[in-house]
Amino acid sequence: MLPDGKTFLMSHVYNNTCHEKHFIMKKVNLHIVLNDFIHDSRVLKETKSIAESPLFDKVYIAALLDKGVTEHETLDAKREIWRVPLKTRRFPRGIFSQTIKYIELMLKVFSRYNNENIKVVHCHDLSALPIGVLFKIIKRTKLIYDAHEFEPNQEPNQNKLSIKLLITIERLFIKFADAVITVSDSIANEYVKLYKIKKPALVLNCPVYQEIKKQNIFREKLNIDKEKIIFLYQGGLYADRGIENLLEAFKRINDTNKVLVFLGYGPLQQEIEKISERFQNIFYHPAVSPDVLLNYTSSADVGLCLYENSCLTHYYCLPNKVFEYILAGLSLIVSNMPEIRKLIENNKIGIVAKDNDTD
(Lines give C-alpha, C1' and ligand atoms only; values in the text may rest on other atoms or scores of the structure.)
Protein backbone atom coordinates (compact mmCIF):
# COMPACT_ATOMS: atom_id res chain seq x y z
CA MET A 1 0.00 0.00 0.00
CA LEU A 2 1.38 3.40 -0.94
CA PRO A 3 1.94 5.86 1.91
CA ASP A 4 -0.62 8.27 0.43
CA GLY A 5 -3.11 5.40 0.30
CA LYS A 6 -2.51 4.50 3.93
CA THR A 7 -2.79 8.12 5.05
CA PHE A 8 -6.00 8.44 3.06
CA LEU A 9 -7.46 5.29 4.64
CA MET A 10 -6.59 6.33 8.19
CA SER A 11 -7.99 9.81 7.49
CA HIS A 12 -11.14 8.23 6.02
CA VAL A 13 -11.71 6.15 9.17
CA TYR A 14 -11.06 9.17 11.37
CA ASN A 15 -13.20 11.52 9.30
CA ASN A 16 -16.12 9.10 9.42
CA THR A 17 -15.65 8.86 13.19
CA CYS A 18 -15.04 12.55 13.84
CA HIS A 19 -17.72 14.14 11.71
CA GLU A 20 -20.82 12.52 13.09
CA LYS A 21 -23.76 14.75 13.94
CA HIS A 22 -23.23 17.11 16.90
CA PHE A 23 -19.50 16.29 17.06
CA ILE A 24 -17.00 19.10 16.66
CA MET A 25 -13.55 17.70 15.91
CA LYS A 26 -10.80 18.88 18.23
CA LYS A 27 -7.05 18.73 17.75
CA VAL A 28 -5.79 16.00 20.13
CA ASN A 29 -5.67 12.23 19.55
CA LEU A 30 -4.65 9.62 22.15
CA HIS A 31 -3.33 6.15 21.33
CA ILE A 32 -3.13 3.46 24.01
CA VAL A 33 -0.85 0.47 23.45
CA LEU A 34 0.07 -1.98 26.19
CA ASN A 35 3.68 -2.70 25.28
CA ASP A 36 6.90 -0.67 25.60
CA PHE A 37 6.41 0.77 22.10
CA ILE A 38 9.91 0.09 20.81
CA HIS A 39 9.31 -2.25 17.86
CA ASP A 40 5.56 -1.74 17.26
CA SER A 41 5.77 -0.77 13.60
CA ARG A 42 1.99 -0.80 13.07
CA VAL A 43 1.33 1.87 15.70
CA LEU A 44 4.32 3.90 14.49
CA LYS A 45 2.96 3.91 10.94
CA GLU A 46 -0.62 4.66 11.96
CA THR A 47 0.31 7.54 14.25
CA LYS A 48 2.64 8.92 11.57
CA SER A 49 -0.17 8.85 9.00
CA ILE A 50 -2.52 10.59 11.42
CA ALA A 51 0.11 13.17 12.40
CA GLU A 52 0.72 13.96 8.72
CA SER A 53 -2.98 14.64 8.18
CA PRO A 54 -4.61 17.98 9.16
CA LEU A 55 -6.95 16.27 11.64
CA PHE A 56 -4.91 16.80 14.82
CA ASP A 57 -2.33 19.16 16.26
CA LYS A 58 -1.08 16.58 18.77
CA VAL A 59 -0.91 12.78 18.85
CA TYR A 60 -0.19 11.27 22.27
CA ILE A 61 0.87 7.64 22.73
CA ALA A 62 0.48 5.97 26.14
CA ALA A 63 2.58 2.80 26.46
CA LEU A 64 4.19 0.73 29.25
CA LEU A 65 7.49 1.57 30.92
CA ASP A 66 10.01 -1.27 30.97
CA LYS A 67 13.65 -1.59 31.99
CA GLY A 68 16.09 0.22 29.73
CA VAL A 69 13.39 2.34 28.09
CA THR A 70 12.88 6.07 28.54
CA GLU A 71 9.63 7.23 30.15
CA HIS A 72 9.15 10.29 27.91
CA GLU A 73 9.99 10.45 24.22
CA THR A 74 9.23 12.89 21.42
CA LEU A 75 8.97 11.30 17.98
CA ASP A 76 8.38 14.50 16.01
CA ALA A 77 6.61 17.86 16.26
CA LYS A 78 3.22 16.21 16.77
CA ARG A 79 3.85 12.83 18.43
CA GLU A 80 4.78 12.32 22.07
CA ILE A 81 5.14 9.06 24.00
CA TRP A 82 4.55 8.55 27.71
CA ARG A 83 5.47 5.12 29.04
CA VAL A 84 3.49 4.57 32.21
CA PRO A 85 5.55 3.62 35.29
CA LEU A 86 3.63 1.14 37.47
CA LYS A 87 4.41 0.73 41.16
CA THR A 88 2.54 -2.58 41.06
CA ARG A 89 4.80 -3.91 38.25
CA ARG A 90 6.82 -5.86 40.82
CA PHE A 91 3.70 -7.74 42.01
CA PRO A 92 3.68 -11.47 41.19
CA ARG A 93 1.61 -12.84 38.32
CA GLY A 94 -1.92 -13.94 39.07
CA ILE A 95 -5.48 -12.79 38.41
CA PHE A 96 -5.68 -10.58 41.52
CA SER A 97 -2.25 -8.98 40.96
CA GLN A 98 -2.90 -8.41 37.25
CA THR A 99 -6.21 -6.75 38.11
CA ILE A 100 -4.50 -4.39 40.55
CA LYS A 101 -1.84 -3.55 37.94
CA TYR A 102 -4.49 -2.84 35.33
CA ILE A 103 -6.47 -0.58 37.67
CA GLU A 104 -3.30 1.42 38.41
CA LEU A 105 -2.57 1.70 34.68
CA MET A 106 -6.12 2.79 33.88
CA LEU A 107 -6.17 5.44 36.61
CA LYS A 108 -2.75 6.83 35.65
CA VAL A 109 -3.58 7.09 31.94
CA PHE A 110 -6.93 8.72 32.65
CA SER A 111 -5.46 11.08 35.24
CA ARG A 112 -2.64 12.23 32.95
CA TYR A 113 -4.83 12.96 29.94
CA ASN A 114 -8.04 13.96 31.70
CA ASN A 115 -7.34 17.68 31.29
CA GLU A 116 -6.18 17.39 27.69
CA ASN A 117 -8.52 18.33 24.87
CA ILE A 118 -8.75 14.73 23.64
CA LYS A 119 -11.69 13.84 21.46
CA VAL A 120 -10.57 10.57 19.84
CA VAL A 121 -9.03 7.65 21.74
CA HIS A 122 -7.45 4.92 19.60
CA CYS A 123 -7.07 1.60 21.47
CA HIS A 124 -4.60 -0.94 20.14
CA ASP A 125 -5.74 -4.48 20.98
CA LEU A 126 -8.34 -5.73 23.42
CA SER A 127 -6.14 -5.12 26.48
CA ALA A 128 -6.32 -1.36 25.90
CA LEU A 129 -10.00 -1.19 25.01
CA PRO A 130 -11.49 -0.86 28.56
CA ILE A 131 -9.32 2.24 29.15
CA GLY A 132 -10.72 3.77 25.97
CA VAL A 133 -14.25 2.95 27.09
CA LEU A 134 -13.56 4.84 30.35
CA PHE A 135 -12.62 7.94 28.33
CA LYS A 136 -15.71 7.54 26.15
CA ILE A 137 -18.09 7.26 29.12
CA ILE A 138 -16.61 10.02 31.28
CA LYS A 139 -15.20 12.48 28.74
CA ARG A 140 -17.51 11.60 25.81
CA THR A 141 -14.58 10.96 23.46
CA LYS A 142 -14.94 9.07 20.22
CA LEU A 143 -13.43 5.59 20.41
CA ILE A 144 -11.53 3.61 17.76
CA TYR A 145 -10.71 -0.05 18.40
CA ASP A 146 -7.73 -1.41 16.45
CA ALA A 147 -7.56 -5.22 16.70
CA HIS A 148 -4.03 -6.23 15.65
CA GLU A 149 -4.89 -9.93 15.87
CA PHE A 150 -7.91 -12.18 16.26
CA GLU A 151 -7.97 -11.04 19.86
CA PRO A 152 -9.85 -13.87 21.67
CA ASN A 153 -7.54 -16.62 20.38
CA GLN A 154 -3.92 -15.50 20.14
CA GLU A 155 -2.26 -18.22 22.21
CA PRO A 156 -1.32 -21.58 20.69
CA ASN A 157 -3.38 -24.41 22.20
CA GLN A 158 -5.41 -21.91 24.24
CA ASN A 159 -8.13 -23.52 26.36
CA LYS A 160 -11.75 -23.09 25.26
CA LEU A 161 -12.86 -21.44 28.51
CA SER A 162 -10.29 -18.67 28.05
CA ILE A 163 -11.44 -18.10 24.46
CA LYS A 164 -15.09 -17.88 25.51
CA LEU A 165 -14.23 -15.45 28.32
CA LEU A 166 -12.28 -13.17 25.96
CA ILE A 167 -15.10 -13.25 23.39
CA THR A 168 -17.53 -12.21 26.15
CA ILE A 169 -15.24 -9.34 27.21
CA GLU A 170 -14.67 -8.19 23.63
CA ARG A 171 -18.40 -8.40 22.85
CA LEU A 172 -19.11 -6.16 25.85
CA PHE A 173 -16.57 -3.45 25.02
CA ILE A 174 -16.60 -3.47 21.21
CA LYS A 175 -20.14 -2.05 21.27
CA PHE A 176 -18.70 1.22 22.61
CA ALA A 177 -16.40 1.66 19.59
CA ASP A 178 -17.32 4.26 16.99
CA ALA A 179 -15.09 2.49 14.47
CA VAL A 180 -13.23 -0.82 14.39
CA ILE A 181 -10.02 -1.52 12.44
CA THR A 182 -8.29 -4.85 11.90
CA VAL A 183 -5.50 -6.44 9.87
CA SER A 184 -7.02 -9.07 7.56
CA ASP A 185 -10.26 -9.72 5.72
CA SER A 186 -10.80 -13.04 7.53
CA ILE A 187 -10.58 -11.41 10.96
CA ALA A 188 -12.94 -8.62 9.84
CA ASN A 189 -15.49 -11.19 8.64
CA GLU A 190 -15.16 -13.20 11.86
CA TYR A 191 -15.85 -10.06 13.92
CA VAL A 192 -19.00 -9.36 11.88
CA LYS A 193 -20.26 -12.89 12.61
CA LEU A 194 -19.31 -12.87 16.28
CA TYR A 195 -20.45 -9.41 17.31
CA LYS A 196 -23.00 -8.38 14.65
CA ILE A 197 -21.10 -5.17 13.93
CA LYS A 198 -20.41 -3.29 10.72
CA LYS A 199 -17.45 -4.83 8.90
CA PRO A 200 -14.23 -3.38 10.33
CA ALA A 201 -12.00 -1.24 8.14
CA LEU A 202 -8.79 -2.92 6.96
CA VAL A 203 -5.38 -1.38 7.57
CA LEU A 204 -2.93 -4.00 6.36
CA ASN A 205 0.49 -4.34 8.00
CA CYS A 206 2.26 -2.83 4.99
CA PRO A 207 5.49 -0.86 5.25
CA VAL A 208 5.48 2.65 3.84
CA TYR A 209 6.34 2.35 0.17
CA GLN A 210 9.90 3.18 -0.80
CA GLU A 211 12.43 2.11 -3.38
CA ILE A 212 14.68 -0.47 -1.71
CA LYS A 213 18.18 -1.04 -3.09
CA LYS A 214 19.62 -4.50 -2.65
CA GLN A 215 21.98 -4.59 0.34
CA ASN A 216 24.56 -7.11 1.57
CA ILE A 217 24.46 -6.43 5.30
CA PHE A 218 24.10 -10.07 6.37
CA ARG A 219 26.96 -11.18 4.14
CA GLU A 220 29.18 -8.42 5.51
CA LYS A 221 28.29 -8.70 9.19
CA LEU A 222 27.90 -12.49 9.40
CA ASN A 223 30.69 -13.32 6.93
CA ILE A 224 28.43 -15.12 4.43
CA ASP A 225 29.89 -15.64 0.95
CA LYS A 226 28.16 -13.86 -1.93
CA GLU A 227 27.27 -17.06 -3.83
CA LYS A 228 25.25 -18.47 -0.92
CA ILE A 229 21.45 -18.26 -0.84
CA ILE A 230 20.15 -16.55 2.30
CA PHE A 231 16.81 -17.72 3.69
CA LEU A 232 15.50 -15.16 6.19
CA TYR A 233 13.13 -15.44 9.13
CA GLN A 234 12.50 -12.01 10.67
CA GLY A 235 10.20 -11.11 13.54
CA GLY A 236 9.30 -12.49 16.94
CA LEU A 237 11.13 -15.68 17.89
CA TYR A 238 8.18 -17.58 19.37
CA ALA A 239 6.91 -21.15 19.31
CA ASP A 240 4.37 -22.21 16.66
CA ARG A 241 5.82 -19.92 14.02
CA GLY A 242 7.68 -22.70 12.25
CA ILE A 243 11.04 -21.90 13.82
CA GLU A 244 11.62 -25.36 15.26
CA ASN A 245 10.90 -26.95 11.86
CA LEU A 246 13.21 -24.50 10.09
CA LEU A 247 16.04 -25.26 12.49
CA GLU A 248 15.57 -28.99 12.06
CA ALA A 249 15.39 -28.69 8.25
CA PHE A 250 18.63 -26.70 7.98
CA LYS A 251 20.36 -28.97 10.48
CA ARG A 252 19.41 -31.95 8.32
CA ILE A 253 20.52 -30.55 4.98
CA ASN A 254 23.62 -28.89 6.49
CA ASP A 255 24.22 -27.37 3.06
CA THR A 256 26.56 -24.40 3.46
CA ASN A 257 25.37 -22.96 0.11
CA LYS A 258 21.89 -22.49 1.60
CA VAL A 259 21.98 -20.57 4.85
CA LEU A 260 19.28 -19.60 7.33
CA VAL A 261 19.34 -16.23 9.12
CA PHE A 262 17.10 -15.32 12.07
CA LEU A 263 16.56 -11.61 12.68
CA GLY A 264 14.54 -10.76 15.79
CA TYR A 265 14.09 -11.43 19.47
CA GLY A 266 11.94 -13.60 21.73
CA PRO A 267 11.88 -16.73 23.91
CA LEU A 268 13.62 -18.95 21.31
CA GLN A 269 16.58 -16.60 20.86
CA GLN A 270 19.01 -18.49 23.15
CA GLU A 271 18.20 -21.83 21.52
CA ILE A 272 18.79 -20.34 18.05
CA GLU A 273 22.10 -18.79 19.15
CA LYS A 274 23.32 -22.12 20.57
CA ILE A 275 22.40 -24.01 17.40
CA SER A 276 24.03 -21.33 15.22
CA GLU A 277 27.33 -22.00 17.03
CA ARG A 278 27.20 -25.67 15.98
CA PHE A 279 25.97 -25.37 12.38
CA GLN A 280 27.73 -23.32 9.72
CA ASN A 281 24.54 -22.70 7.74
CA ILE A 282 22.46 -21.20 10.61
CA PHE A 283 22.94 -17.61 11.81
CA TYR A 284 21.38 -15.25 14.33
CA HIS A 285 21.25 -11.45 14.19
CA PRO A 286 19.64 -9.27 16.90
CA ALA A 287 16.52 -7.24 16.12
CA VAL A 288 17.05 -3.84 14.48
CA SER A 289 14.98 -0.65 14.56
CA PRO A 290 12.11 -0.27 12.06
CA ASP A 291 13.80 2.60 10.24
CA VAL A 292 16.67 0.36 9.02
CA LEU A 293 14.87 -3.01 8.96
CA LEU A 294 14.20 -3.13 5.21
CA ASN A 295 17.90 -2.64 4.44
CA TYR A 296 18.54 -5.86 6.36
CA THR A 297 15.56 -7.62 4.76
CA SER A 298 16.85 -6.80 1.27
CA SER A 299 20.14 -8.49 2.18
CA ALA A 300 18.43 -11.90 1.97
CA ASP A 301 17.13 -13.88 -1.00
CA VAL A 302 14.10 -15.78 0.31
CA GLY A 303 11.68 -14.70 3.07
CA LEU A 304 10.11 -17.30 5.36
CA CYS A 305 6.72 -17.07 7.08
CA LEU A 306 5.64 -20.46 8.38
CA TYR A 307 3.06 -19.88 11.10
CA GLU A 308 1.45 -23.04 12.42
CA ASN A 309 -2.31 -23.48 12.67
CA SER A 310 -2.35 -23.53 16.49
CA CYS A 311 -4.77 -20.61 17.03
CA LEU A 312 -7.09 -18.44 14.95
CA THR A 313 -4.69 -15.48 15.10
CA HIS A 314 -2.14 -17.60 13.21
CA TYR A 315 -4.76 -19.07 10.87
CA TYR A 316 -6.07 -15.64 9.84
CA CYS A 317 -2.75 -13.78 9.98
CA LEU A 318 -1.26 -11.47 7.37
CA PRO A 319 1.82 -10.27 9.28
CA ASN A 320 4.29 -7.40 8.82
CA LYS A 321 7.07 -9.66 7.65
CA VAL A 322 5.19 -10.83 4.54
CA PHE A 323 4.80 -7.26 3.22
CA GLU A 324 8.36 -6.38 4.26
CA TYR A 325 9.71 -9.35 2.28
CA ILE A 326 7.67 -8.27 -0.75
CA LEU A 327 8.80 -4.64 -0.63
CA ALA A 328 12.43 -5.76 -0.24
CA GLY A 329 12.15 -7.89 -3.39
CA LEU A 330 12.41 -11.35 -1.82
CA SER A 331 10.72 -14.52 -3.00
CA LEU A 332 8.62 -16.14 -0.29
CA ILE A 333 7.99 -19.54 1.25
CA VAL A 334 4.86 -19.42 3.41
CA SER A 335 2.57 -21.73 5.33
CA ASN A 336 -0.81 -22.79 4.00
CA MET A 337 -2.99 -20.22 5.79
CA PRO A 338 -5.89 -18.62 3.87
CA GLU A 339 -4.91 -14.94 3.89
CA ILE A 340 -1.21 -15.50 3.19
CA ARG A 341 -1.96 -18.16 0.57
CA LYS A 342 -4.35 -15.82 -1.25
CA LEU A 343 -1.78 -13.01 -1.33
CA ILE A 344 1.07 -15.22 -2.55
CA GLU A 345 -0.86 -17.22 -5.14
CA ASN A 346 -2.81 -14.27 -6.58
CA ASN A 347 0.40 -12.32 -7.11
CA LYS A 348 2.62 -15.31 -7.99
CA ILE A 349 5.41 -14.23 -5.64
CA GLY A 350 6.38 -17.41 -3.85
CA ILE A 351 5.63 -20.94 -2.74
CA VAL A 352 2.93 -22.12 -0.35
CA ALA A 353 4.11 -25.10 1.68
CA LYS A 354 1.75 -28.05 1.45
CA ASP A 355 2.33 -29.09 5.06
CA ASN A 356 3.84 -27.32 8.03
CA ASP A 357 6.51 -29.86 8.90
CA THR A 358 10.25 -30.27 8.58
CA ASP A 359 10.05 -32.10 5.24
Side-chain angles (χ1 to χ4, degrees), residues 3-4 6-38 40 42-65 69-86 102-148 172-182 198 200-201 203:
D4 288 346
K6 179 164 284 187
T7 302
F8 170 78
L9 179 54
M10 291 302 298
S11 296
H12 179 68
V13 172
Y14 267 76
N15 274 317
N16 284 348
T17 303
C18 294
H19 287 98
E20 291 181 3
K21 191 177 180 181
H22 306 310
F23 178 68
I24 301 172
M25 187 185 72
K26 300 298 182 181
K27 294 289 187 178
V28 184
N29 173 218
L30 172 64
H31 289 251
I32 304 171
V33 52
L34 299 195
N35 58 43
D36 59 11
F37 197 58
I38 297 297
D40 199 323
R42 179 178 177 84
V43 183
L44 275 168
K45 288 179 288 190
E46 287 185 349
T47 55
K48 185 174 186 291
S49 291
I50 294 163
E52 288 172 350
S53 79
L55 291 171
F56 298 98
D57 293 323
K58 273 291 184 184
V59 178
Y60 294 126
I61 303 157
L64 291 177
L65 184 65
V69 183
T70 57
E71 182 177 340
H72 300 277
E73 187 177 347
T74 300
L75 294 177
D76 49 45
K78 281 192 177 182
R79 293 184 295 164
E80 294 179 8
I81 304 168
W82 177 51
R83 296 183 177 92
V84 185
L86 296 178
Y102 194 84
I103 291 171
E104 183 191 1
L105 172 67
M106 180 181 285
L107 292 175
K108 282 190 170 181
V109 172
F110 187 81
S111 175
R112 181 176 183 86
Y113 297 108
N114 182 40
N115 294 324
E116 295 284 353
N117 197 19
I118 293 168
K119 291 299 179 181
V120 177
V121 178
H122 189 131
C123 295
H124 296 272
D125 293 326
L126 179 56
S127 55
L129 187 55
I131 305 175
V133 171
L134 181 69
F135 276 91
K136 182 178 176 70
I137 292 172
I138 296 179
K139 289 187 64 67
R140 299 182 180 277
T141 64
K142 293 294 178 178
L143 177 62
I144 293 179
Y145 175 39
D146 194 339
H148 296 193
L172 171 65
F173 289 110
I174 203 169
K175 301 297 184 184
F176 290 90
D178 296 283
V180 181
I181 300 170
T182 192
K198 179 183 175 182
V203 175

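Any value given below was found using the heavy atoms of this structure, including those in side chains, with hydrogens, waters and symmetry copies removed.
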Give the minimum heavy-atom separation between [X] and [Y], together with the two atoms involved.
X	Y	answer
Glu46	Val203	OE2-CG1, 3.8 Å
Arg42	Thr182	NH2-O, 3.8 Å
Leu86	Lys108	CA-NZ, 4.3 Å
Cys123	Ala128	SG-O, 3.5 Å
Pro85	Glu104	O-OE2, 4.0 Å

Calculate, to the nearest 0.5 Å, the distance between atoms [atom1] and [atom2] belonging to [X] and [Y] respectively.
X	Y	atom1	atom2	value
Ile32	Ile144	CD1	CD1	12.0 Å
Tyr113	Lys139	OH	NZ	13.0 Å
Leu126	Ile174	CG	CD1	8.5 Å
Thr47	Ile81	OG1	CD1	8.0 Å
Met106	Phe135	CE	CZ	9.5 Å
Leu44	Arg79	CG	CZ	6.0 Å

Quick one: which of Val121, Asp178, Ile131 gives a side chain to side chain contact (heavy atoms under 4.5 Å, CB included) with Lys136?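 Result: among Val121, Asp178, Ile131, Asp178 is the only option passing the side chain to side chain contact (heavy atoms under 4.5 Å, CB included) with Lys136.
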
Among Leu75, Leu65, Val69, Leu64, which residue meets the side chain to side chain contact (heavy atoms under 4.5 Å, CB included) test with Phe37?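 Of all the options given, the one that passes is Leu75.
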
So, do Leu30 and Arg112 sit near enough that their side-chain heavy atoms are less than 4.5 Å apart?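 Side-chain contact under 4.5 Å: no.
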
Validation row: Ile50, His31 side chains within 4.5 angstrom (heavy atoms):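 Heavy-atom side-chain distance check passes, below 4.5 Å.
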
Assess the residue pair Asp40 and His124 against the criterion (side-chain contact (heavy atoms from CB on, under 4.5 Å)); give the C-alpha distance rounded to whole Å, side-chain angles, the decisive distance to 0.1 Å, and a yes or no. CA-CA 11 Å; Asp40 199 323; His124 296 272; 5.9 Å; no

Would you confirm whether Asn29, through its side chain, and Val59, through its main-chain N or O, come within 3.5 Å as a donor-acceptor pair?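 Side chain of Asn29 to backbone of Val59: no pair is present.
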
For the pair Tyr145 (side chain) and Phe176 (backbone), establish whether a donor and an acceptor sit closer than 3.5 Å, ignoring hydrogens and angles.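 No.
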
Let me see the working for Leu34 and Tyr102 under side-chain contact (heavy atoms from CB on, under 4.5 Å), right down to the final yes or no. CA-CA 10 Å; Leu34 299 195; Tyr102 194 84; 3.9 Å; yes

Would you sort out whether His148 and Val43 count as a side-chain contact (heavy atoms from CB on, under 4.5 Å), showing the intermediate values? CA-CA 10 Å; His148 296 193; Val43 183; 3.7 Å; yes

Are the charged groups of Asp76 and Lys48 less than 4.0 angstrom apart, N to O?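 Looking at Lys48 together with Asp76, the answer is no, because their closest N to O distance does not fall below 4.0 Å.
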
Assess whether side-chain contact (heavy atoms from CB on, under 4.5 Å) is satisfied between Asn117 and Lys27, documenting all intermediate values. CA-CA 7 Å; Asn117 197 19; Lys27 294 289 187 178; 5.9 Å; no

Between His72 and Trp82, how do the two ring planes meet: parallel, tilted or perpendicular, split at 30° and 60°?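 Correct class here is parallel.
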
